[in-house]
Amino acid sequence: MSILNVTPDSFSDGGEYLTVSAAVERALQMIAEGADIIDIGGESTRPAGKTYGDGAKRVTLEEELERVVPVIRSIIAAAPNALISIDTTKSEVARAAIESGAAIINDVSAATQDVKMLSTASSLSVPIIMMHGYGPLFTKQTLESYTYSDVVKEVSTFLKERITAATEAGIGRVVIDVGVGFAKTYKDNLKLIRAQSQFVELGVPVLLGVSRKSTIGRALGEGFAPKDRINGSLAAACFAVESDVKIIRTHDVKPTVEALRVLDAIRHAV
């Protein structure tokens with residue numbers, strides 16, 4: 001899954017693909033490099049905290065629609081077989097995106113921010129990706145107020161509940177994401193990456209998004225800006241795939257595809 005942020009304030013590539021032409025050109029490049037899914041977001045989810053200050057500002061429904069719908073339509077016009085996911089917490093945006101050619105909803109609030117999101121996904125018969133750690137349920141104080149002392153148990157319990165909610169809403173395909181970097185400490189993030197196999201046991205496909213994140217930068221050491229964290233991101237991606245994670249969300253398609261291609265060759269050598 002390749003990341004295409006049509007936002008001015010995303011932590012790594014904000015402002016790079018604000019025009020429709022720039023976004024379409026980037027999408028076609030990522031498809032050529034081997035991306036299976038193009039994940040388009042019109043509202044940054046850059047979290048608040050020491051690394052990014054107050055975090056990203058919320059945008060209106062109208063502004064988010066203006067950012068994503070023309071891009072989706074133009075990508076589909078240029079590449080009719082492109083598989084697009086819409087990264088949004090708003091059901092109206094999700095519906096408009098699907099009607100414009102997207103095929104997957106990626107809701108980082110796990111459908112807790114908009115009560116209509118699950119029914120929207122169900123009525124459109126599309127998969128939904130649900131993440132832990134973003135939205136009104138999660139604040140800076142969340143870092144010190146987990147119900148359990150074990151962050152893996154905490155996140156697992158939440159995601160299990162959201163899988164049940166989605167299934168009961170009639171959604172046939174659900175994907176989960178532990179939400180690295182959202183309402184978690186550095187050590188929490190590492191523990192969750194290490195525990196990916198436990199989330200696979202929940203019985204639905206798992207997505208991992210660690211590309212260029214501050215956790216990777218901190219693990220590498222001082223002086224690694226987001227775009228300098230590719231090698232560290234690849235290490236985490238390969239570890240996750242070894243744990244049977246099905247989707248890797250990344251800014252850097254070509255190196256990720258190449259690393260996973262070699263890993264796959266090793267795994268299937270006879």
Side-chain angles (χ1 to χ4, degrees), residues 1-31 33 35-48 52-114 116-117 120-121 124 126-131 133-136 177 179 181-182 207 209 211-213 226-227 249-253:
M1 173 184 279
S2 57
I3 300 167
L4 182 58
N5 291 316
V6 288
T7 59
D9 52 355
S10 292
F11 82 94
S12 180
D13 57 357
E16 292 186 17
Y17 310 112
L18 287 180
T19 67
V20 173
S21 60
V24 173
E25 181 180 358
R26 178 58 177 151
L28 295 178
Q29 179 187 9
M30 292 189 291
I31 292 169
E33 290 176 348
D36 297 303
I37 304 169
I38 308 295
D39 190 43
I40 298 175
E43 180 177 45
S44 174
T45 54
R46 189 184 74 229
Y52 304 116
D54 292 333
K57 295 181 179 179
R58 298 303 307 274
V59 302
T60 65
L61 169 63
E62 291 73 20
E63 187 174 4
E64 191 173 347
L65 287 169
E66 288 174 3
R67 289 178 179 179
V68 300
V69 169
V71 170
I72 293 170
R73 288 175 176 167
S74 296
I75 292 172
I76 293 297
N81 294 324
L83 182 59
I84 296 174
S85 58
I86 177 64
D87 180 357
T88 187
T89 60
K90 300 181 180 76
S91 62
E92 296 98 326
V93 174
R95 180 174 293 279
I98 299 301
E99 291 174 349
S100 298
I104 303 168
I105 297 171
N106 181 13
D107 186 341
V108 295
S109 78
T112 63
Q113 192 155 296
D114 186 334
K116 296 181 180 179
M117 185 63 86
T120 297
L124 294 169
V126 295
I128 189 167
I129 301 167
M130 298 193 294
M131 189 190 84
Y134 181 85
D177 176 357
F182 291 90
L207 176 152
S211 179
R212 302 184 184 180
K213 289 191 174 181
K227 292 186 179 180
R249 187 174 183 270
T250 182
H251 298 85
D252 305 292
V253 178

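Every heavy atom of this structure was used, including side-chain atoms; hydrogens, water molecules and symmetry mates were not. Keep in mind that this is a model prediction, so the values were computed, not measured.
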Test your reading of the model: is there a side-chain donor-acceptor pair from Ser211 to the backbone of His251, 3.5 Å cut-off? yes
Min side-chain heavy-atom separation Leu65-Glu92 under 4.5 Å: no
For Val253 and Ala35, work out which heavy atoms get closest and say how close. CG1-N, 3.6 Å
Just how far is it from atom CD1 of Ile40 to atom CG of Asn5, taken to the nearest 0.5 Å? 10.0 Å
Rounded to the nearest 0.5 Å, what separation is found between the CG atom of Leu61 and the CD atom of Glu66? 9.5 Å
Value rounded to 0.5 Å, distance of CE in Met1 from CD1 in Ile104: 5.5 Å
Leu4 to Ala27 - nearest heavy-atom pair and separation: CD2-CB, 4.0 Å
Non-hydrogen side-chain atoms of Glu43 and Lys90 separated by less than 4.5 Å: yes
On a heavy-atom basis, the closest approach of Ile38 and Ser2 is CD1-OG, 3.0 Å
Output for pair (Met117 CE, Ile105 CD1), nearest 0.5 Å, gives 5.5 Å
Closest heavy-atom pair and its distance - Thr89, Tyr134: CG2-CE2, 4.1 Å
Counting neighbours of CD on Glu99 that are heavy atoms of other residues, nucleotides or ligands and sit closer than 6.0 Å, is the number greater than 12? yes
Which distance, rounded to the nearest 0.5 Å, do you find between the CD1 of Ile37 and the CD1 of Ile31? 11.5 Å
Residues two or more places apart in sequence or in another chain: which of them pass salt bridge (charged side-chain N to carboxylate O under 4.0 Å, His left out) with Glu63? Arg67
Does any part of the side chain of Leu207, heavy atoms only, come nearer than 4.5 Å to the side chain of Asp177, both counted from C-beta? yes
Give the minimum heavy-atom separation between Gly135 and Gln113, together with the two atoms involved. CA-OE1, 3.3 Å
Going by atom type alone, with no hydrogens or angles, which donor-acceptor pairs under 3.5 Å involve a side-chain atom of residues 72-87 and a protein atom two or more places apart or on another chain?
residue : atom : partner : partner atom : Å
Arg73   : NE   : Ser100  : OG           : 3.3
Ser74   : OG   : Pro70   : O            : 2.8
Ser85   : OG   : Asp39   : OD1          : 2.5
Asp87   : OD2  : Arg249  : NH2          : 3.3

Might you point out which heavy atoms bring Thr7 and Gly42 nearest each other, and give the distance in Å? CG2-C, 3.4 Å
Sequence-distant partners of Asp252, salt bridge (charged side-chain N to carboxylate O under 4.0 Å, His left out), two or more places apart: Arg212
